[in-house]
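Dropping the structure in here first, questions after.
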Amino acid sequence: MEHQLKVFNSLTRKKEDFIPINPPFAGMYVCGPTVYGDPHLGHARPAITFDIVYRYLLYLGYKVRYVRNITDVGHLENDADQGEDKIAQKARLEKLEPMEVAQFYTNRYHKYMDMLNVLNPSIEPHASGHILEQIEMVQKILDKGMAYESEGSVYFDVEKYNKSNNYGILSGRNVEEMIANTRELDGQSDKHNSFDFAIWKKASPSHIMRWNSPWSEGFPGWHLECSVMSAKYLGETFDIHGGGMDLLFPHHESEIAQSVAANGKQPVKYWLHNNMITINGQKMGKSLGNFITLEEFINGSHESLEQAYSPMTIRFFILQAHYRGTVDFSNSALQASGKAYERLMKAFARLEGIAVGESSNFDVAELEKDCHAAMDDDFNTPMVIARLFDAVKFINSVAEKQISMSIEQKTALQKIRKNFIDEILGIKQESQNETAGAGLDEELMKLIIELRLKMRQEKNFAMSDFIRDELKNTGIELKDTKEGTDWSKTN
RNA sequence: GGUCUCUUGGCCGAGUGGCUAGGCGCCGGUCUGCAAAACCGCUUACUCCGGUUCGAAUCCGGAAGAGACCUCCA
């Protein structure tokens with residue numbers, strides 16, 4: 001392969017050559033959504049980030065198995081109401097089966113991922129469908145002496161594990177310091193240490209979702225599902241594990257510990273983490289009043305939004321920043337991205353109709369090389385987009401008949417469009433007249449535009465402007481161009 | 001407080017020890033009956049203070065500011 005993909009490995013904190021364990025196969029596991037609420041911006045970022053990783057690995061010719069889980073088990077509210085499962089609580093409030101709640105939000109998640117042009121994973125396992133495997137893993141860890149049972153729950157013994165291994169290998173945390181900094185606030189805990197984590201949790205009476213196990217009726221600990229399902233579908237050691245930076249500790253750290261304790265080997269070769277999003281410089285949170293669902297984003301209904309933003313605008317915006325940096329959602333930034341997105345798509349659409357002629361001084365091969373180099377360098381999508389705009393400028397200059405383009409240049413640009421815009425970045429055209437493409441609307445608009453053209457030719461500008469203004473009031477915008485008059489719906 | 005990350009032009013946001021990313025906005029222009037749109041051109045920044053270097057926004061040290069994670073749980 002002519003490419004050498006480099007990825008930033010959180011485990012080593014360095015960019016490393018990506019060399020899969022069993023080429024041409026590549027295995028990737030990404031932490032998916034907890035399906036107890038509507039999908040929001042916080043879901044979009046990791047989904048799009050690892051969609052890019054998936055797409056690029058496919059583009060490079062790897063046979064990729066992409067596993068992204070659905071977490072539908074065991075979520076306690078982080079508010080004061082202890083001991084109730086998030087899904088169970090929702091179910092009780094809405095008088096539904098817990099699985100109905102999980103299914104509803106899973107469907108919602110899929111719908112919005114589809115709108116964002118996020119490809120489906122190869123396997124989408126549910127935590128609830130792998131309870132047996134999780135019980136087996138708990139037993140395995142118990143057998144190795146790295147966990148203890150207490151009051152029907154089973155806890156991972158971090159201190160013991162750390163004697164022979166390194167708990168903190170991923171997050172840089174130091175167990176000795178954690179012990180030193182820990183103060184027992186109350187004696188109620190059935191854990192040996194505050195940083196021990198549950199791998200099996202006994203269900204409280206109000207907890208609806210529960211399964212039988214050798215220890216109690218309960219549910220598996222949070223970290224366990226990812227360890228179990230990744231091992232089941234990708235093997236005990238696999239290539240890439242992705243997720244948001246917020247999951248680095250304790251989730252991923254604990255995943256490593258469990259897997260090493262159970263299987264005696266590091267589960268993951270490359271850990272990739274996307275950075276977080278902020279909204280107007282603040283972390284998104286329900287308590288901060290800036291919690292925006294994808295539905296609200298796309299229809300513009302949230303009060304902090306000045307307008308609706310299309311799914312492709314959101315995707316383009318996210319791709320304009322590197323995945324390891326934070327990205328701040330603000331109206332002005334999104335509006336800028338929306339315009340940039342349209343300019344990019346318009347130019348490449350224009351390319352199709354361009355008449356070829358003499359070659360101009362524009363190196364398409366170098367542009368392509370730069371785009372590849374940017375992707376190879378830890379998925380630098382902002383750089384790819386920047387270079388694509390150089391092509392935009394070239395295409396527009398040719399379209400404006402300032403310079404010309406050869407057939408070779410045109411073909412090469414078409415290839416870049418297909419490879420980079422369509423396949424790798426996954427940016428697609430959102431047609432504005434989708435609902436009006438056929439039928440009565442189109443016919444009527446044609447007639448109105450023709451009438452207005454006649455008036456303009458007769459210099460009856462008062463009437464032609466009246467038509468334009470009135471249409472604008474009803475949400476249809478007319479634009480006079482050299483080729484004639486275009487129309488589009490404004491929202 | 002601990003661990004880590006970040007600080008780039010009006011805004012967003014890449015990047016490299018010397019070769020002015022890119023987008024949006026502004027301004028100028030082309031086009032147009034006008035407007036809008038579209039297109040072209042323009043806009044030389046790197047928190048502060050030291051140091052290394054022929055040369056640093058880029059490396060090192062310090063300061064200031066911002067953010068994330070650090071009880072339970074997912």
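Below, each value reflects all heavy atoms present in this structure, side chains not excepted, and no hydrogens, waters or symmetry copies. Residue numbers begin at 1 in each chain, while the letters A, B, ... track the order of the sequences.
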A:Ser397 has a side chain; which of B:G22, B:G23, B:C40 sits nearest to it?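 Side chain of A:Ser397 sits closest to B:C40.
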Side-chain donor/acceptor contact of A:Asp465 with base of B:G33 under 3.5 Å: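 Yes, a donor-acceptor pair under 3.5 Å.
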Grab the CD1-P distance between A:Ile314 and B:C12 for me, whole Å please. 19 Å
Compare the minimum distances between each of B:C34, B:G13, B:C72 and the side chain of A:Asp328, then state the nucleotide with the smallest one. B:G13
Taking atom C1' in both B:G10 and B:C42, what distance in whole Å separates the two? 15 Å
For A:Ser337, answer base if it contacts any base atom (sugar-phosphate contacts may also be present), sugar-phosphate if it contacts only those atoms, and nothing otherwise; contact means non-hydrogen atoms under 4.0 Å. nothing
Taking B:G22 as the reference, what is the distance to B:G62 when you measure between their C1' atoms (whole Å, please)?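 Comparing C1' positions in B:G62 and B:G22 gives a spacing of 34 Å.
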Which part of the nucleic acid does A:Lys339 contact within heavy-atom distance under 4.0 Å: base, sugar-phosphate only, or nothing?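 If one applies the 4.0 Å heavy-atom cut-off, A:Lys339 turns out to touch the sugar-phosphate alone, with no base involved.
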Distance, C1' atom - from B:C31 to B:A14, rounded to whole angstrom: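 Straight-line distance between the two C1' atoms is 34 Å.
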Could you tell me the Watson-Crick or G-U partner of B:A14, where both distances fall under 3.5 Å? Say none if there is no partner. none
Please report the distance separating the C1' of B:A57 from the corresponding atom of B:C19, rounded so that it comes out in whole Å.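 15 Å, rounded to whole Å.
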Least distance between heavy atoms, A:Met209 atom then A:Pro98 atom: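 Here A:Met209 and A:Pro98 meet closest at CG-CB, 3.7 Å.
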Measure from CD on A:Gln457 to P on B:U32 and round the result to the nearest Å.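 For the pair A:Gln457 CD and B:U32 P, the rounded distance is 15 Å.
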Upstream residue (5' side of RNA chain B) when A:Ser332 and A:Lys459 are each assigned their closest nucleotide: A:Ser332
Side-chain donor-acceptor contact under 3.5 Å, A:His126 with A:Ser128: no
Without decimals, in angstroms, what is the distance between A:Asn380 CG and B:G15 C1'?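 Going from A:Asn380 (CG) to B:G15 (C1'), I get 8 Å.
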Which label fits A:His223 and A:Phe197: parallel for a plane angle under 30°, tilted from 30 to 60°, or perpendicular past 60°?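 Aromatic pair A:His223/A:Phe197 classed perpendicular.
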Using atom C1' in both nucleotides, what's the gap between B:A45 and B:U20 to the nearest angstrom? 11 Å
Once you apply the 3.5 Å cut-off to both distances, tell me the Watson-Crick or G-U wobble partner of B:A66, or none. B:U5
When you compare B:G13 with B:G55, how far apart are their P atoms, in angstrom units rounded to a whole number?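 That atom pair is separated by 34 Å.
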Return the nearest nucleotide to the side chain of A:Lys283; candidates are B:C73, B:A68, B:G23. B:A68
Would A:His40 and A:Phe291 count as a close aromatic pair, with their ring centres under 6.0 Å? yes
I want to verify a distance call: between B:C39, B:G13, B:C73, whose nearest atom is closest to the A:Arg350 side chain?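 The answer is B:C39.
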Of all the nucleotides listed (B:G41, B:C72, B:C70), which has the minimum atom distance to the side chain of A:Lys393?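 Out of B:G41, B:C72, B:C70, the nucleotide with an atom closest to A:Lys393's side chain is B:G41.
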Quote, to the nearest angstrom, the C1' distance that separates B:G61 from B:U53. 16 Å
Closest-nucleotide ordering on RNA chain B, the 5'-leading residue of A:Ser330 and A:Phe394: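 Mapping each residue to its closest nucleotide by heavy atoms, the 5'-most match is A:Ser330.
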Side-chain donor/acceptor contact of A:Arg173 with base of B:C69 under 3.5 Å: yes
Can you say whether a donor on the side chain of A:Arg468 sits under 3.5 Å from an acceptor on the base of B:A35, or the other way round? yes
Nearest to the side chain of A:His322 - B:A14, B:G33, B:G22? B:A14
Measuring from the side chain of A:Ala333 (C-beta onward, heavy atoms only), which nucleotide among B:C72, B:C40, B:C12 has the closest atom?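 For A:Ala333, the side-chain atoms sit closest to B:C12.
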Candidate nucleotides B:C12, B:G22, B:C72, ranked by approach to the side chain of A:Ser194 - the nearest: B:C72
Write down the distance between OH (A:Tyr155) and C1' (B:C73), rounded to a whole number of angstrom. 11 Å
Do A:Asn107 and A:Gln103 get their side chains close enough for a donor-acceptor pair, meaning under 3.5 Å? yes
Can you tell me the pairing partner of B:C59 across any strand shown, Watson-Crick or G-U wobble, with both distances under 3.5 angstrom? B:G51
Tell me, with the steps shown, if A:Asn69 and A:Tyr29 meet side chain to side chain donor-acceptor pair (under 3.5 Å). CA-CA 8 Å; A:Asn69 65 300; A:Tyr29 185 94; 3.3 Å; yes
What is the nucleic acid contact for A:Arg343, judged by heavy atoms within less than 4.0 Å: base, sugar-phosphate only, or nothing?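 Answer is sugar-phosphate: A:Arg343 comes under 4.0 Å of backbone atoms only.
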Check: A:Asp328/A:Thr326 side-chain N/O donor and acceptor closer than 3.5 Å: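 No, because no side-chain N or O of A:Asp328 sits under 3.5 Å from a partner of the opposite role on A:Thr326.
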Give me the distance, rounded to whole Å, that separates B:U8 from B:G65 when you measure between the P atoms they each carry. 16 Å
Between B:G23 atom C1' and A:Ile318 atom CD1, what is the distance in whole Å? 16 Å
With a centroid cutoff of 5.5 Å and a plane-angle limit of 30°, would you call A:Phe461 stacked on B:G33? yes
Please determine, for B:U43, whether a Watson-Crick or G-U wobble partner exists with both distances under 3.5 Å, and give it or none.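 Partner of B:U43: B:G25.
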Closest to the A:Arg456 side chain: B:C34, B:C69, B:C40?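 Ranking B:C34, B:C69, B:C40 by closest atom to the A:Arg456 side chain puts B:C34 first.
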Selected nucleotide, minimal atom distance to A:Lys346 side chain, candidates B:C24, B:A38, B:C70: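 Comparing B:C24, B:A38, B:C70 against the side chain of A:Lys346, the answer is B:A38.
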Between A:Lys15 (NZ) and B:U16 (P), how many Å, whole number?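 From A:Lys15 NZ to B:U16 P: 6 Å.
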Nearest-Å distance for atom pair CZ/C1', residues A:Phe316 and B:G22: 9 Å
Watson-Crick or G-U counterpart of B:U20, or none if no pair lies under 3.5 Å: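 Pairing partner: none.
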Check whether the ring centres of A:Phe317 and A:Tyr309 lie less than 6.0 Å apart, and answer yes or no.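 No, too far apart.
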Could you check whether A:Ala386 gets within reach of a base, just the sugar-phosphate, or nothing at all, counting any heavy atom under 4.0 Å? base
Taking atom C1' of B:G13 as reference, at what distance in whole Å does atom CZ of A:Phe317 sit? 9 Å
Checking A:Trp200, A:Tyr161, A:Phe195 against A:Phe156 for ring pair (Phe, Tyr, Trp, His ring centres under 6.0 Å), the one that qualifies is A:Tyr161
